[in-house]
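Encoded as C-alpha cells, the structure appears first; notes follow it.
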Amino acid sequence: MSESRTLLLIASSANPDLLSTPRALGLRVVLANAVPPADGGLHDVHLPVDEFDEEAVLAAVRGHLAGGGRIDAVATFHEGSLHVAARVAAELGLPGNSQEAVRAMRDKYETGRRLDEAGVPTPATRVVRTRAEALAVAGELSYPLVLKPQASGASQGVTKVADEAELKAAFDNISGIYGRDSFSEDGYSVPNVARVYAYPDAEGVLVQEYVRGDEFALDFVYGGGEYRLLAIHDKPYPFAEPHFIEGAYATPSQLPEVDQKALITTAVDALRALGATVGGAHVEVRLTPSGPKIIEVNGRLGGTNAFVQESIRESTGVWGPREYLRAVLGEPVDFTGKENPTPAGFTPVLADRTGELAGFEGVAEAEALPGVVALRWMAAPGDHVVIKYPENPVSCFVLVLARGERREDVLSALESADQLLKPVYVN
Ligand SMILES: Nc1ncnc2c1ncn2[C@@H]1O[C@H](COP(=O)(O)OP(=O)(O)O)[C@@H](O)[C@H]1O
Ligand SMILES: [Mg+2]
C-alpha cells in the first residue's frame, strides 16, 4: 500500500532508528530540518529550514510541491515541531492533530483549563505574569506549590516551592527562561536547548497545586477514534525534588490491574478532551489516593531521543514510531508483538559537576553488564557541562537501556551501570 508514498518528516533526531523507520515502511522521505543527518541515505529530499519555524517550513513545503514534489503524510517525533506539523497537515488536508489540539497539549494552562472543563482530574492551575500575581494566586491555593513555564519540556524551570521566598525565587528564575541563549558557570557555557519547547504566546508562569503520589507515563498511538496503549512505564525511583529531574523508567507496570485500568481510562479521557485525534502521545500521570491526576499530555511519542520507545520494544516487541507513522498515513496500526511483555527499562546517567568533558570511564564494564542492551551518548569529549538546576535541566551524558527476566534484574543492571559510568573532566 504505502510503497510509493512520500512522508514529510519535520526535524530529525539523535536516534538513528527513527529515520530508518519510514524506510522500513517503504516510504520516500522529505526531511525538513536545519542540519541534515550524517547518514544521507535515509532521506530522499532535504528541505534546509529551521524545523521549529512554522512559516519557514510552510514556505519550503510550498516550494517543494510547486517544483513537482509530493507529500502524502506528515510526521514529527519532536515536541518543538508539533505545531509546525499540525499547520502543514491543516494546509495540505492530511491526517494529524489539529493546531487547536497541539496548542491544548503544549500550552499547559490550556491543558488544565480544558481538562477541568471536561472533568478530567488535573492539578488546580493559575497563569501569572508578575511576582505580585504569583503571590496573590498562592494565597488562593496552598503550599507546597509547583511553578513551571506555561509551555516547556525536560523539566526546565519546574520547581516545588514551600513558601513565599521560594515562590519569588522560582518566579524570577522561570520568567526569564525563554530569553536565555545559554547558561554559564565558572567560564563554561552551554546553549539553552530547552528553549525550543516554548510556544508562541504562551510565555507565562504557571502556579500549580502540588500533586502527591507515584508517577507513571503512558505511551499511545491513536487514529480513527481508537486510542491504543503501547505501554505504561513505572518510574521506580521518586523524583528528586524540588527540581523533578527525570530518573529511570521500567516497563511493564507492576501496578495492580485495577490501577492500570484507571490510569489508561484517565489518560484516554484527557486525550479526547484535548482534541487529540491522530498521532502519538506520552501522558504523565500521578496516582493519588483519590485516583489518577494528569500532570502533562505530550502530543507525541515519549522520549524518542531517550530510550522510551526502545524500552517498549524490548518489552513488547512493538516499535511505537512505526505504528505512529501508520496512524498518520491513515493505515491500521499493528500491535502484534510478544504474547506477554517482558521486563525492560532505561536510565539517564547524570553528570555530577560543571566542567569540560575529556572522556568517560567505565564504558566497557557497563556494556558488559548482564542485561545491559545499549548505551546512547548524549555528550561527547570537548563538550561543556553546566549543572544549573532548574534553569538548565540538561545534565544527562549517557542513557542506558536494559532488559531482564525480572524487574529486579533490570533495575540492578541500570543501577550498576549508573555507578560505573563517570564523566572524566579536563580539569
Ligand atoms: N503539579 C505538580 N505536582 C507534583 N509534581 C509535579 C507537578 N507538575 C510537575 N511535577 C513534576 O515535575 C515533572 C516535570 O513537570 P512537567 O509539567 O511534566 O514538565 P516538562 O514539560 O518539563 O516535562 C513531572 O514529571 C512531575 O514529576
Ligand atoms: Mg513532563
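Order of appearance sets the numbers: ligands from 1, and atoms from 1 within every ligand.
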Give the atom numbers and elements of ligand 1 that come within less than 4.0 Å of a heavy atom of [X].
{"X": "Ser155", "result": "14 (C), 20 (P), 22 (O), 23 (O)"}
{"X": "Phe244", "result": "5 (N), 11 (C), 12 (O), 13 (C), 27 (O)"}
{"X": "Arg286", "result": "4 (C), 5 (N), 26 (C), 27 (O)"}
{"X": "Phe239", "result": "25 (O), 27 (O)"}

### Task
Compute the shortest N/O to N/O distance between Ala154 and ligand 1 and return yes if it is under 3.5 Å, no if not.
yes

### Query
Just distances here: any N/O of Tyr210 and N/O of ligand 1 closer than 3.5 Å?
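Tyr210 vs ligand 1: no N/O contact under 3.5 Å.
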
### Message
Please work out, at 4.0 Å between heavy atoms, whether the side chain, the backbone, both, or neither of Lys160 comes within that distance of ligand 1.
### Response
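Neither; nothing of Lys160 gets under 4.0 Å from ligand 1.
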
### Task
Pick whichever of Ile294, Ile245, Val211 has a heavy atom sitting closest to atom 3 (N) of ligand 1.
Val211

### Query
What is the nearest protein non-hydrogen atom to atom 9 (C) of ligand 1, stated with its residue, atom name and distance?
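Checked against all protein heavy atoms, atom 9 (C) of ligand 1 sits closest to Lys148 NZ, 3.4 Å.
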
### Protein heavy atom at shortest distance from atom 19 (O) of ligand 1
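Result for atom 19 (O) of ligand 1: Lys108 NZ, 2.9 Å.
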
### Query
Is it true that the side chains of Tyr324 and Asp219 contain a donor and an acceptor less than 3.5 Å apart?
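Per modelled atom types, Tyr324 and Asp219 side chains form no pair under 3.5 Å.
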
### Task
Could you tell me whether the side chains of Tyr389 and Ser395 share a donor-acceptor contact shorter than 3.5 Å?
yes

### Query
Any side-chain heavy atom of Glu310 within less than 4.5 Å of one from Glu314?
no

### Task
Return yes if some donor-acceptor pair links the side-chain N/O of Lys422 with the main-chain N/O of Gln419 below 3.5 Å, else return no.
yes

### Query
Are any side-chain N or O atoms of Arg322 and backbone N or O atoms of Leu25, one a donor and one an acceptor, separated by less than 3.5 Å?
no

### Task
Hey, can you tell me if Tyr227 and Tyr222 have their rings parallel, tilted or perpendicular (30° and 60° cut-offs)?
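Parallel: the ring planes of Tyr227 and Tyr222 meet at under 30°.
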
